[in-house]
Number of protein chains: 2
Amino acid sequence: MKKRRRFWTVVEKLEALIDKGVYPAGSRLPAERELAEAYDVSRPTIREAIIALEVRERVEVKTGSGVYVTDFAGSDSSLKSISAFELTQARALVEAEAAALAAATIRETELSALKQALDDMSSAEKADEADQRFHEIISRATRNNAIVMSINNLWKVRRNEPQVIAAYKDVCSQGIEQRIKEHTAIYDAIAKRDSSAARKAMHNHFNRLINALFEASEAKALEEIKRKTDETRGLYSISHLTK
Amino acid sequence: MKKRRRFWTVVEKLEALIDKGVYPAGSRLPAERELAEAYDVSRPTIREAIIALEVRERVEVKTGSGVYVTDFAGSDSSLKSISAFELTQARALVEAEAAALAAATIRETELSALKQALDDMSSAEKADEADQRFHEIISRATRNNAIVMSINNLWKVRRNEPQVIAAYKDVCSQGIEQRIKEHTAIYDAIAKRDSSAARKAMHNHFNRLINALFEASEAKALEEIKRKTDETRGLYSISHLTK
DNA sequence: AAGTTCTAATTGGTAATCAATTTTAATCTT
DNA sequence: AAGATTAAAATTGATTACCAATTAGAACTT
């Protein structure tokens with residue numbers, strides 16, 4: 001599986017070095033010829049890699065001078081380490097309002113699709129997909145592309161941020177019937193076109209999630225403390241001396 | 001000002017042709033050598049341009065076969081034509097909740113910065129910048145990076161979507177004292193740590209904006225109708241015959 | 001010390017060449 | 001004639017070598 005073009009591997013290596021701080025923001029990269037020798041590729045290949053980094057706005061090329069690392073500090077604030085708590089709180093707020101809106105604007109066909117998603121949540125293998133579908137139907141039912149975009153972006157964080165994925169992993173699997181119960185409440189409220197009930201039901205759903213996240217993280221924190229304590233205990237223990 | 005590297009001009013031309021539909025999604029671009037001749041540059045330069053397009057995910061390169069245009073239809077759904085109404089509604093919902101949260105979590109230093117932004121709104125040239133700063137301080141005061149991200153993304157739409165820019169242009173300039181009044185109400189509510197008042201004040205602010213947008217678009221629609229009517233009248237008029 | 005000039009380093013860009021891969025067409029086999 | 005095999009053509013992948021344009025810094029002059 002080495003069919004990828006060479007410059008991509010150079011891009012990855014250089015980007016890793018930039019992220020690692022070996023080439024800090026504002027600093028100059030080694031000359032193209034040096035890089036070519038260092039990575040054992042030709043100069044055009046290095047040029048291609050630099051162009052890729054330039055398109056990604058990681059570096060800036062100054063003719064006759066060199067390649068300089070872009071100051072990327074604030075620019076990538078969109079991916080500034082979002083925790084599972086933050087994400088869930090944000091989702092609670094946005095999706096609750098979306099549900100309230102959707103209760104007023106949803107169509108019959110969407111309502112039946114929502115029911116279908118709810119039913120699909122019962123089967124274990126479809127559950128996660130159905131969950132996502134459920135929320136997406138509601139977001140689209142708002143007839144507001146800005147809201148759809150916002151919720152989509154939050155889902156992107158949900159899918160891409162490692163710490164979020166890890167945190168949700170522990171929580172999602174447990175309490176399936178509880179999850180279905182909450183989604184049913186959301187569905188019922190929307191079906192009744194009751195905006196404030198829909199908002200409340202959605203809030204309730206996410207509240208439970210946040211609490212579950214809290215408990216899980218508490219449990220993990222306790223475990224961590226215990227582990228460290230054990231380590232320390234091992235360090236200072238004198239039991240091995242008396243054995 | 002032609003210091004830009006050559007491949008960028010090629011990138012622009014090719015991207016324009018792709019957008020225009022000359023090279024539809026899935027179709028193959030001409031061979032590198034043909035492109036090199038067509039744009040009167042060398043083959044490496046064409047390669048660089050293609051790499052730039054590849055990094056942007058506009059094309060896909062298949063070794064020995066050719067360069068194919070990526071199907072970009074659904075991928076860019078995040079920017080699926082958001083109207084000023086949609087954006088404002090979404091901002092109303094999200095920023096109102098942010099204000100409610102911020103009322104509980106804001107610090108004194110942020111509060112004074114908020115006051116500063118409020119004062120700066122009085123001077124005409126700083127007004128827009130101060131407005132943006134005002135809302136950003138609130139979003140950051142939530143201590144929730146997911147919310148900050150969501151609001152930032154909505155601001156991106158605000159700044160980049162042409163139809164949104166045009167719609168806001170007509171509205172923002174008028175009613176400056178009204179705008180300050182609304183922002184003062186928001187500030188007061190947050191300063192009092194009154195979450196529901198902050199939410200309400202923010203809602204009120206955006207409601208006025210939506211109404212203003214409505215009026216402006218109505219006025220424009222009327223104008224458009226009148227223009228078209230005049231055109232038609234001119235077309236069918238017999239006045240020029242009797243003159 | 002300040003400004004100027006020159007030189008070396010660096011990126012910008014091209015041409016020519018060969019390798020690897022894919023597509024296409026021709027050829028062979030059944 | 002249909003299908004499989006093979007060969008050729010087309011295309012991208014990558015390198016070497018070369019020269020031009022720009023920049024940074026050293027050396028020089030005043």
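Reminder, nothing fancy here: chain letters follow the sequence lines and each chain counts from 1.
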Walk along nucleotides 9-21 of chain C from 5' to 3' and tag each nucleotide B, S or - by protein heavy-atom contact under 4.0 Å, base first, then sugar-phosphate. -BBBBBS-B---B
Under the ring pair (Phe, Tyr, Trp, His ring centres under 6.0 Å) rule, collect the residues that match up with A/Y23, sequence neighbours excluded. none
Hey, does the side chain of A/Q116 reach the backbone of A/A130 with a donor-acceptor pair shorter than 3.5 angstrom? no
So does A/E37 have more than 12 non-hydrogen atoms from other groups sitting under 6.0 Å from CD? no
Distance only, no hydrogens: is a donor on one side chain within 3.5 Å (strictly under) of an acceptor on the other, for A/T88 and A/Y168? yes
Which residues satisfy the salt bridge (charged side-chain N to carboxylate O under 4.0 Å, His left out) test with B/E108, sequence neighbours excluded? B/R193
Value in whole Å for how far the C1' atom of D/dG13 lies from CD1 of A/I51: 15 Å
